[in-house]
Amino acid sequence: MSSLKQFIRNVRSAKTIADERAVIQKESAAIRASFREESHDSGIRRNNVAKLLYLFTLGERTHFGQIECLKLLASHRFADKRLGYLGTMLLLDENQEVLTLVTNSLKNDLNHSNQYIVGLALCALGNIASIEMSRDLFTEVESLLSTPNPYIRRKAALCAMRICRKVPDLQENFFEKAKTLLSDRNHGVLLCGLTLAIDMCEAEEAEEGQEGVIEMFRPLAPALVRALKGLTTSGYAPEHDVSGITDPFLQVKILRFLRVVARGDAETSEMINDILAQVATNTDSNKNVGNAILYEAVLVILDIEADSGLRVLGVNILGKFLANKDNNIRYVALNTLNKVVAIEPNAVQRHRNTILECLRDPDISIRRRALDLSFMLINESNVRVLVRELLAFLEVADNEFKPSMTSQIGIAADRFAPNKRWHVDTILRVLKLAGAYVKEQILSSFVRLVATTPDLQTYCAQKLYVALKEDISQEGLILAGAWVIGEYGDNLLHGGQYEEEELVKEVRETDIVDLFINILNSTSASQTVVEYIITASMKLTVRMSDPSQVERLRRFLSSKTADLSIEIQQRAVEYTNLFGYDQIRHGVLERMPPPEIREEQRVLGPITKKRQSKHLKDKTKKPSKPADSDLLLDLISGNEAPAAASPTPTSTQNTADLLADILGGGDSGVSSPAPQPIPTTNTSAIMDLFGSNGVTPSPKPAEPASASMDVLGGLGSTATPPPAAAASVAHTAFNKHDLSLSLAVQRASNGNAQIQARFRNSSNFTSFSGVGLQAAVPKSQRLQLSAINKAELEAGDEGVQVMKIAALNGALPPKLRLRLRVTYAKDGSEPVTDQVDWSEP
């Protein structure tokens, strides 16, 4: 057997992993053989356990030495016990069954006359105590908290903390002892007592509605304030001095305790304001220990109910940290300012330049935190300056930053833009610098901005054209450029107000076609890019006047009819066939109408509670004019759930009876067959699709007067026939993927209305399954929605679903407004849900 030093020397001198493994295996075998010999020499056993601890640090298996550690604990020698307890703490944990054998040794050593053996037992119990051991030994630990020996008291306090964590029910046994420790004059005992008290308070805070422990410790705050004041004003104390500061560890622990007991209590917060100001102004920040105290003081200031001046002082300390050369201190300051900016935005704004300088720091962690903080500082007054700095950083930023940066800049521009021209220029700059990382939501917001700002459409088309002539490597820039040039290519060709010298004075039709061809021939031509350019090319065929260029575009579209992508192939075939319908092609390819920008469609994301409460407040002020976003707010907030396609729980008739009643079956309960559609030509179908005047009313089956009264909710006698309902005209509300939905409204004399929703599969080969409709109405109306009569639609099939709408107070408005959710599955694929808003024409 070799000694521990020789074993370590042999391991380190191994030149290969195989040699090292051989040395370890040989020594492990020797240790096992020694254990089997049952030698009574404690020196040999100590040597073997020490080698096991070294093997443990190397990650080797050491479970076979657990019993040897227990044998060392039973020894009467201090050296054996010390190594035995060390091995027990490292090689065992609270889940080991062998640990139950340690309890008796711990109980004996906790009552030992030697303070160092008692300290070893307390240290081991504080590290590996299980629930059973805590219940068995807490009385010994409780008694040791009252011993006159400070060495044992501070170790017992830390051991009590472990016991309270394992068995919270035992906390009450240590409350009075913990209060006594907080008045101890020994710094080490006071430090450990504060640790125990803070742990008890934080455990109590985790349980909602229980603050008994904090209330019990709160009266001790004045004494600790005096102790902290004494530490900050005391002179040089050799036994507690660290870099010229008296016991910084105790100062930090007292501040943390004051933070816990003063949180949410105005009286205690006011009492500690003065000492916090004193600590913040008198602590030397040139030493790292001083920075630790200042940082803890700032956390206290920001967490309690401090006055505004003290909060500004705390933020200024963090701002001073930002000028420190130590990366760790700067990181901590930025991390804390990210949490403070929502509380004291004006104070943080004063350090804006320092924060922006951190964007150029070599440390990526600091750059990331500074970037997050910079976006949180943006408001209406500084949006130009900050976004300019962020765009400069975007130009040199790492690729991992660009996706989040482009989104955040887009959100900031959408929220705080001083004018639309600046908004457009900002997004164009983002597209030029990092167009490949721009997310779809930002592109959608930019497209809506251009579509709703006619004054800037020519300007945007020119800027995007120039940008694409210079660089076609950014996918986001290509998508935005293709959409804008496709929609407003005539503006680009005809020219307009040229406000900048770099804008092109004249663009020829052949230049645009050449640009599209160059993009398609480049490595940037992804499938999405091709889809955008195909649609833009088709739009340009009605915006260009040169027949030769139109023919080039037509040949290009024809070349894509055999593309490997089904989506591209289908669009190319449809667009190519549309050339045979010149009488409607110009109408089909007109400019898209500017979308209505609602709050829910902005790039800012879902409605926050603050915006929702403001919206609800506005609605209560003007109940006679419901806002456009009432329907979506109702759906989101749950005020008015969308009517499901199933009978209501209070209905006494099943779906078949209700459908038979609606379709004119009277009270007989026999379902009437669904009305057959009238054959239409392709031209009339296309005219119907694009809202032409040639819409033909959907046929309605004849129904008796009594059935009409039943459908529209009439309660009068059937002796006198009611007046005839107004004739209904079907209006297209949804048309996508060969599935169309038309709505026909009928109004009755009693003010109620009935809407017949008719789904139609207009394809020749496609089938739809799971077809259904959900609807929502404003809160001033009540909706009853029946089930669809046919949810599986083959080619040419129709399905009918009926809605009844009644006013809760007064009469229905002249024009009904609905939010519709259409659900369907195409050719057995995953179900799709589309949401549309529909208003009665």
Side-chain angles (χ1 to χ4, degrees), residues 232 243-245 248 251-252 255-256 259 276-304 306-379 381-398 400-402 404-405 408-409 412 416:
T232 56
S243 300
I245 295 177
Q251 291 190 44
V252 168
L255 287 170
R256 189 168 300 173
R259 174 187 175 192
L276 289 175
Q278 184 176 342
V279 170
T281 53
N282 295 340
T283 304
D284 184 11
S285 61
N286 295 324
K287 304 290 180 60
N288 205 33
V289 290
N291 290 328
I293 296 174
L294 288 174
Y295 175 65
E296 195 65 40
V298 170
L299 293 182
V300 179
I301 291 171
L302 299 175
D303 210 18
I304 67 172
D307 55 37
S308 59
L310 198 58
R311 288 181 180 274
V312 172
L313 176 61
V315 174
N316 290 340
I317 292 174
L318 293 176
K320 193 175 181 181
F321 283 176
L322 292 178
N324 198 296
K325 295 181 180 179
D326 192 316
N327 283 0
N328 294 327
I329 295 177
R330 289 210 304 275
Y331 180 86
V332 166
L334 289 169
N335 214 23
T336 309
L337 285 172
N338 269 294
K339 304 173 184 176
V340 178
V341 66
I343 306 172
E344 290 291 336
N346 295 330
V348 180
Q349 288 284 355
R350 299 191 185 99
H351 307 282
R352 187 177 66 203
N353 294 334
T354 310
I355 294 169
L356 292 175
E357 289 177 4
C358 292
L359 291 175
R360 302 176 180 85
D361 195 278
D363 192 320
I364 189 172
S365 300
I366 292 178
R367 293 202 303 272
R368 182 178 288 111
R369 287 291 170 266
L371 186 62
D372 295 340
L373 183 56
S374 300
F375 283 118
M376 298 180 70
L377 290 176
I378 297 177
N379 55 33
S381 60
N382 62 19
V383 61
R384 291 178 181 269
V385 177
L386 281 179
V387 169
R388 183 170 63 248
E389 293 289 338
L390 291 171
L391 287 173
F393 177 63
L394 178 63
E395 193 168 359
V396 297
D398 299 329
E400 62 180 290
F401 287 140
K402 291 182 178 179
S404 61
M405 281 195 69
Q408 293 284 1
I409 293 175
F416 302 116

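In this text the structure is predicted, and so the values were computed from the model without any measurement.
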So which heavy atom on A397 is nearest to which on M405, and how close? CB-SD, 4.2 Å
Would you call Q349 and V341 a side-chain contact if the rule is heavy atoms closer than 4.5 Å? no
Can you see which heavy atom on T283 is nearest to which on V279, and at what distance? OG1-O, 2.6 Å
Determine the minimum heavy-atom distance between R352 and L377, stating which atoms define it. CG-CD1, 4.2 Å
Distance check, rounded to the nearest 0.5 Å: H351 atom NE2 versus E357 atom CD? 13.0 Å
Drop me the distance from I409's CD1 to S404's OG, to the nearest 0.5 angstrom. 9.5 Å
Would you say L386 and L356 make side-chain contact, with heavy atoms under 4.5 Å? yes
Identify the heavy atoms of I378 and A412 that sit nearest to each other, and give their distance. CD1-CB, 3.8 Å
Which pairs with one or both residues in residues 316-331 pass salt bridge (charged side-chain N to carboxylate O under 4.0 Å, His left out), sequence neighbours excluded? R330-D361
D372: what forms a salt bridge (charged side-chain N to carboxylate O under 4.0 Å, His left out) with it, not counting sequence neighbours? R369
All side-chain hydrogen bond (donor to acceptor under 3.5 Å, both in side chains) counterparts of R259, not counting sequence neighbours: D303
Nearest 0.5 angstrom please: L310 CG to L302 CG, how far? 9.0 Å
Applying side-chain contact (heavy atoms from CB on, under 4.5 Å) to A347 and not counting sequence neighbours gives V312, V315, E344, R350
Contacts of type side-chain hydrogen bond (donor to acceptor under 3.5 Å, both in side chains), residue R256, not counting sequence neighbours: E296
Determine whether T232 and I293 satisfy the following criterion, side-chain contact (heavy atoms from CB on, under 4.5 Å), listing intermediate values before the conclusion. CA-CA 11 Å; T232 56; I293 296 174; over 6 Å; no
Close side-chain approach of I343 to V348, heavy-atom, < 4.5 Å: no
Without swapping roles, check the side chain of D398 against the backbone of F401 for a donor-acceptor pair under 3.5 Å. no
Measuring from atom CG of L294 to atom CD of Q251, what distance do you get when rounded to the nearest 0.5 angstrom? 10.0 Å
Output for pair (L373 CG, I355 CD1), nearest 0.5 Å, gives 4.0 Å
With a 3.5 Å distance limit and no angle check, can you tell me whether T281 reaches the backbone of Q278 through a side-chain donor-acceptor pair? yes
A333 versus L318, closest heavy-atom pair with distance: CB-O, 3.5 Å
With rounding to the nearest 0.5 Å, note down the distance linking CG in L337 to CZ in F321. 10.5 Å
Taking side-chain contact (heavy atoms from CB on, under 4.5 Å) as the test, write out the residues that go with S365, two or more places apart. Y331, D363
Between D284 and I245 (side chain of the first, backbone of the second, donor and acceptor by atom type, cut-off under 3.5 Å), is there such a pair? no
Start with the C-alpha gap between L276 and I304, add the side-chain angles, then the distance that decides, and say whether side-chain contact (heavy atoms from CB on, under 4.5 Å) holds. CA-CA 11 Å; L276 289 175; I304 67 172; 3.7 Å; yes
Can you check whether I317 reaches Y295 side chain to side chain, under 4.5 Å on heavy atoms? no
Set out, in order, the CA-CA distance, both residues' side-chain angles and the distance that settles side-chain contact (heavy atoms from CB on, under 4.5 Å) for N382 and N379, then state yes or no. CA-CA 6 Å; N382 62 19; N379 55 33; 3.0 Å; yes
Closest heavy-atom pair, L255 versus A297, reported as atoms and distance to 0.1 Å, is CD1-N, 3.9 Å
